[in-house]
Amino acid sequence: MIPYTKTAVKLLMEGAKALAKVEGDGIRMDVEYLDRTIKKMSQKIQDLETNLKQNEVAKEWRKVYGAKTNFGSAVQLGKVLFDVLKYKSSALTASGRYKTDEATLSSIDLPFVRDYLEIKKLQKIHTTYLQGIRREIVGGYLHPFFNLHTTRTFRSSSDSPNFQNLPVRNPELGKMVRRAFIPRPNGHLVEMDYSGIEVCIAACYHKDPRMIEYISDPTKDLHRDMAMECFALPKSEMSNPTDEEDRKRIKQIRYCGKNMFVFPQFYGDWYRHCAASLWQATKQMKLKLRDGSSMRRHLAKKGIKNLSGFEEHLKKVEDFFWNKRFPTYNQWKKDWFRAYQKNGYLLTKTGFICQGHMRRNEIINYPVQGSAFHCLLQALIWFVRHDLKKRKMQAKIVGQIHDSIVADVPDNEMAEFVPLAKEIMIERLRERWKWINIPLTVEIEASPINGSWADKKGIKE
DNA sequence: AAACAGTGCGCG
DNA sequence: AAAGCGCGCACTGTTT
């Protein structure tokens with residue numbers, strides 16, 4: 001993929017300059033907190049390891065491997081569990097070895113395996129995040145790199161450390177890491193997030209009227225609707241929560257619809273794979289109905305008794321999704337792929353050409369992923385190279401995560417900064433790129449004054 | 001010692 | 001007809 005039009009080249013050049021400024025400014029870090037937490041974490045992991053090594057399974061492991069024993073080796077673990085102890089292996093890797101990822105291992109009901117997974121998780125936090133970040137801090141500031149030249153789709157990437165994959169989905173671990181990121185004195189860390197930008201940008205390509213309706217009407221909710229269809233639930237089960245717990249229950253089911261059906265389908269997944277993850281989720285996430293009965297039981301009542309029955313059901317859901325619900329989107333995918341087959345390249349809305357040997361799913365996804373990021377990049381360029389400078393503001397952009405921008409804003413500039421952010425990211429962008437014919441929305445969260453990134457909350461506007 | 005493939009896992 | 005897109009980092013085990 002190479003930049004094609006003049007405007008695309010300009011976007012990359014200005015983007016590189018803006019990001020260089022972001023890298024140079026850096027983000028302030030709470031080094032004392034980090035050092036303290038690294039120490040605590042090392043101790044905790046060491047204790048858990050000592051415990052693990054006394055387990056019967058560990059003894060068996062040593063019997064097999066002797067001096068070569070390495071509790072960090074997933075290959076050894078696989079042999080011990082599946083060859084020696086004869087547990088049933090449910091999946092193999094691409095090269096035919098036993099799979100030992102969390103999804104596979106969590107089905108084995110052994111204290112050893114549970115503890116092993118717990119240690120793994122903590123080790124990831126310790127080495128990749130806490131230590132990995134600490135190593136890169138200079139003079140109290142962290143300067144992650146943001147690259148525009150590494151990615152197939154002309155998104156960005158980040159490294160040393162990667163600022164774009166800090167933990168967040170697990171709230172406890174997310175907070176532990178994000179607590180280390182702080183604003184400059186008397187400032188706020190502010191995160192501005194384009195909501196559902198890839199879905200919006202996809203709609204600018206395919207222009208499916210029913211999808212546009214979903215995006216434009218705030219009372220509509222595609223993820224919830226698809227969760228309902230996937231699990232054969234009536235609307236009453238997914239609306240008007242009775243209490244806080246019920247709200248969480250609905251949220252979990254919606255999460256499954258979003259991340260195990262809707263997004264995978266957009267990216268070119270198919271019903272069997274979706275069925276497998278959803279089916280597993282009913283058990284692993286212990287999905288329930290309002291009366292407390294299990295999702296599996298509910299499905300059984302609907303005549304869906306096992307995975308293959310669920311696959312059949314998902315096949316119908318998928319068919320309806322593409323052929324009845326979003327036929328225009330479906331047709332666009334076909335036409336878009338055919339055009340690539342004929343021409344040998346594709347052109348994105350932001351002026352980039354992708355060429356070379358690509359698979360169908362790549363053809364569908366690259367233009368969307370790239371253009372969505374370019375919206376963010378253009379906004380970031382305006383912030384860094386135009387508006388903040390012109391207004392002589394002290395606010396700084398300190399990072400970027402594909403569809404969100406992180407800024408460090410002095411308390412006395414907040415009232416100016418927030419409306420400016422909305423103006424740049426929504427109005428000005430739509431003015432510049434007329435092909436964006438979908439309303440964009442931006443969610444803004446901020447830390448309290450002098451508070452860390454872990455404490456960010458939605459702000460009143 | 002450095003490079004590489006394979007695996008797993010963090011994020012959008 | 002084919003069958004999730006894009007990244008970076010740590011670690012193991014092998015090859016150069």
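In the text below, chain A, chain B and the rest are named by the order of the sequence lines, each starting its count at 1.
Taking atom NZ of residue K333(A) and atom P of nucleotide dA3(C), one finds them 13 Å apart after rounding to whole Å. The CG atom of L376(A) sits 15 Å away from the C1' atom of dC7(C) (whole-angstrom rounding). If you take CD of E118(A) and P of dG8(B), they are 19 Å apart, rounded to a whole angstrom. Protein atom CD1 of I125(A) is 7 Å distant from nucleotide atom P of dG10(B), rounded to whole Å. Put simply, NZ on K120(A) is 8 Å from C1' on dC9(B), counting in whole angstrom units. Atom-to-atom, CD of Q369(A) to P of dC5(C) comes out at 11 Å; the value is rounded to the nearest Å. In this structure, Q341(A) places its CD atom 12 Å from C1' of dA2(C), rounding to the nearest Å. Between the C1' atom of dC7(C) and the OH atom of Y267(A) lies a distance of 13 Å, rounded to the nearest Å.
Contacts of N365(A) with the nucleic acid, taken as non-hydrogen atoms under 4.0 Å apart, involve only primed sugar atoms and P, OP1 or OP2. Within 4.0 Å (heavy atoms only), A372(A) reaches no atom of the nucleic acid at all. Among the protein residues, Q76(A) comes within range of the sugar-phosphate backbone only, with heavy atoms under 4.0 Å from sugar or phosphate atoms but none that close to a base. Residue-level contact check: R97(A) touches the backbone only, with heavy atoms under 4.0 Å from sugar-phosphate atoms and none from bases. Counting any heavy atom pair closer than 4.0 Å across all strands shown, S160(A) reaches sugar-phosphate atoms only and no base atom. Among the atoms of the strands shown, none is found under 4.0 Å from any heavy atom of S156(A). Within the 4.0 angstrom heavy-atom criterion, only backbone atoms of the sugar-phosphate kind lie near V168(A); the bases stay farther away. E102(A) comes within 4.0 angstrom of the backbone, heavy atoms only, and of no base.
Between the CD atom in Q369(A) and the NE2 atom in H374(A) there is a gap of 10.0 Å [rounded to 0.5 Å].
In DNA chain C, consecutive stretches of 3 or more Watson-Crick or G-U wobble pairs with both distances under 3.5 Å are given as paired ranges: B:1-12 with C:5-16.
At a cut-off of 3.5 angstrom, the base of dG10(B) holds no donor-acceptor pair with the side chain of R169(A). A donor-acceptor contact under 3.5 Å is formed by the side chain of N165(A) with the base of dG10(B).
Using a 4.0 Å cut-off between a side-chain N of Lys or Arg and a carboxylate O of Asp or Glu, R385(A) and E14(A) do not qualify as a salt bridge.
For the pair E362(A) and R359(A), both in contact range of DNA chain C, the more 5′-proximal nearest nucleotide belongs to R359(A).
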(request) Show the numbers, then the answer: is there a salt bridge (Lys or Arg N to Asp or Glu O under 4.0 Å) between E60(A) and K63(A)? (result) CA-CA 5 Å; E60(A) 202 63 40; K63(A) 234 190 267 170; 3.7 Å; yes

(request) Might you work through the salt bridge (Lys or Arg N to Asp or Glu O under 4.0 Å) test for D25(A) and K21(A), ending with a clear yes or no? (result) CA-CA 6 Å; D25(A) 284 345; K21(A) 171 77 162 62; 2.7 Å; yes

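Counted by atom type alone, E198(A) and Y267(A) present one or more donor-acceptor pairs between their side chains at under 3.5 Å.
Using a 30° and 60° split on the angle between ring planes, F373(A) and H402(A) fall in the perpendicular class, above 60°. Relative orientation of the F321(A) and F266(A) rings is tilted, given thresholds of 30° and 60° on the angle between their planes.
Of the candidates dG4(C), dG12(B), dT7(B), dG4(C) carries the atom nearest the W270(A) side chain, counting heavy atoms from C-beta on. For S95(A), taking side-chain heavy atoms from C-beta onward, the closest of the listed nucleotides dG6(C), dC9(C), dG6(B) is dG6(B). Nearest nucleotide to the R135(A) side chain, out of dG8(C), dT12(C), dA10(C): dA10(C). Side-chain proximity of N361(A) to the nucleotides dC11(B), dC5(C), dT12(C) is greatest for dC5(C).
Judged by distance alone, the side chain of S158(A) and the main-chain N or O of F145(A) form a donor-acceptor pair under 3.5 Å.
Distances shorter than 4.0 Å separate some side-chain N or O of K99(A) from OP1 or OP2 on dG8(B). Between N170(A) and dC11(B), a side-chain N or O to OP1/OP2 separation shorter than 4.0 Å is absent.
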